[in-house]
Amino acid sequence: MNAQPVHIILVAAIGENGIIGSDGQLPWRLKSDLQHFKRVTSGRPVVMGRKTFESIGRPLPNRTNIVMTRDLQFAAPGTTLATSLDAALAIGRDDARRRGIHEIMIIGGGDVFDSTMAMADRLEITHVHASPKGDVAFPAIDPAVWREAARQHYDAGPDDDASFDTVTYERR
Ligand SMILES: NC(=O)c1ccc[n+]([C@@H]2O[C@H](COP(=O)([O-])OP(=O)(O)OC[C@H]3O[C@@H](n4cnc5c(N)ncnc54)[C@H](OP(=O)(O)O)[C@@H]3O)[C@@H](O)[C@H]2O)c1
């Protein structure tokens, strides 16, 4: 038995205005951040809401895709469906332990971030240097609760709409 706790990590890209989504899609094109997202989440269980799964359109490779929905008719080949947050986290914990790791990555969207922020152990945030219009936002990151532990700056590459900083926040 491996009794080491499995940590809950939120992974999000956020505009300077807090926006993370627009019309069911990401509000920017950021190829360099998608590469960062792949590095951070690969080989791990990823938990997402049904709307985020539909916006991605396919299971993410090399990760256990856990999709939350209350719709018992919903079908998403290549994923594991969960009808509650508790069920999603239980599936994620089992999968993480099977993989010999101690992390469940919560990858959105806004609805799922809102309901998991209070239980998160770490945040892996891409702060995008842009303020796009949108309809979904990330919850506030309270500096009294979260301490910045690492930061890396990325200039905008040829396939990026903006420059960005990736920041790791740990709970104080
Ligand atoms: N910038 C980023 O880092 C980032 C990351 C991810 C997504 N996004 C963006 O965010 C937007 C999507 O976010 P969203 O808030 O609209 O939707 P979402 O969080 O992706 O999905 C919401 C859906 O998840 C299911 N769900 C949520 N909580 C549940 C629970 N406790 N039990 C069972 N099912 C549950 C429900 O599905 P049913 O309705 O099927 O029951 C709910 O309608 C898109 O624009 C996307 O591009 C941005």
Side-chain angles (χ1 to χ4, degrees), residues 8-42 44-61 63-95 103-120 122-141 146 151-152 154 156 159-169:
I8 294 176
I9 324 291
L10 272 51
V11 186
I14 311 177
E16 287 170 350
N17 53 358
I19 287 294
I20 65 166
S22 175
D23 275 339
Q25 300 298 325
L26 296 175
W28 42 63
R29 191 178 63 132
L30 280 180
K31 192 170 182 189
S32 308
D33 183 54
L34 295 180
Q35 289 160 354
H36 168 76
F37 175 80
K38 189 174 170 186
R39 281 194 299 278
V40 169
T41 58
S42 281
R44 291 162 164 70
V46 292
V47 173
M48 72 198 89
R50 186 262 308 164
K51 294 179 185 174
T52 291
F53 174 73
E54 289 190 323
S55 87
I56 298 170
R58 65 189 166 91
L60 293 166
R63 281 149 280 192
T64 300
N65 288 242
I66 302 162
V67 177
M68 289 170 53
T69 179
R70 297 183 180 89
D71 177 359
L72 299 177
Q73 310 300 319
F74 188 69
T79 76
T80 302
L81 298 180
T83 54
S84 70
L85 179 58
D86 282 352
L89 296 178
I91 295 163
R93 277 191 196 96
D94 284 351
D95 183 74
E103 297 183 342
I104 299 173
M105 316 310 281
I106 308 285
I107 63 164
D111 192 8
V112 173
F113 287 140
D114 284 345
S115 59
T116 53
M117 186 76 172
M119 64 179 72
R122 201 172 84 223
L123 312 177
E124 294 290 349
I125 302 299
T126 297
H127 287 291
V128 182
H129 299 143
S131 291
K133 288 199 177 70
D135 48 21
V136 180
F138 194 82
I141 301 173
W146 297 101
R151 176 180 289 261
Q152 189 170 354
Y154 292 77
D159 295 317
D160 300 327
D161 285 347
S163 62
F164 58 90
D165 285 19
T166 58
V167 179
T168 299
Y169 292 94

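Note that ligands are numbered from 1 as they come in the structure, with each ligand's atoms numbered from 1 the same way. In this chain, residues are counted from 1 in sequence order. Since we're looking at a predicted model, the values are computed, not measured.
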With a cut-off of 3.5 Å and sequence neighbours excluded, list every side-chain donor-acceptor pair involving residues 20-33.
| from | atom 1 | to | atom 2 | distance (Å) |
| --- | --- | --- | --- | --- |
| S32 | OG | D160 | OD1 | 3.2 |
| S32 | OG | D160 | OD2 | 2.5 |
| D33 | OD1 | T126 | OG1 | 2.6 |

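The shortest contact between atom 41 (O) of ligand 1 and any protein heavy atom is with R70 N, 2.8 Å. Scanning all protein heavy atoms for the shortest distance to atom 17 (O) of ligand 1 gives K51 CB, 3.5 Å.
In this pair, H127 and Y169 present their aromatic rings perpendicular. The plane angle is above 60°, beyond the 30 to 60° band.
For S22, every heavy-atom contact with ligand 1 shorter than 4.0 Å involves the backbone, none the side chain. At a heavy-atom distance under 4.0 Å, only backbone atoms of S84 (N, CA, C or O) approach ligand 1. Contacts with ligand 1 closer than 4.0 Å are made by no heavy atom of D23, backbone or side chain. Of the heavy atoms in I107, only backbone atoms (N, CA, C, O) come closer than 4.0 Å to ligand 1.
Proximity to G109 (heavy-atom distance under 4.0 Å) selects the following atoms of ligand 1: 6 (C), 7 (C), 10 (O), 13 (O), 15 (O), 18 (P), 19 (O), 20 (O).
Residue V136 places no N or O, backbone or side chain, under 3.5 Å from any N or O of ligand 1.
In the candidate list Q73, Q25, M68, Q25 is nearest to atom 47 (O) of ligand 1, counting heavy atoms. The residue among D111, I125, T126, L81 with a heavy atom at the shortest distance from atom 15 (O) of ligand 1 is D111.
Pairs of residues two or more places apart, or lying in two chains, that qualify as side chain to side chain donor-acceptor pair (under 3.5 Å) and include a residue from residues 46-61 are R50-E54.
Using a 4.0 Å heavy-atom cutoff, A13 is listed among the residues neighbouring ligand 1.
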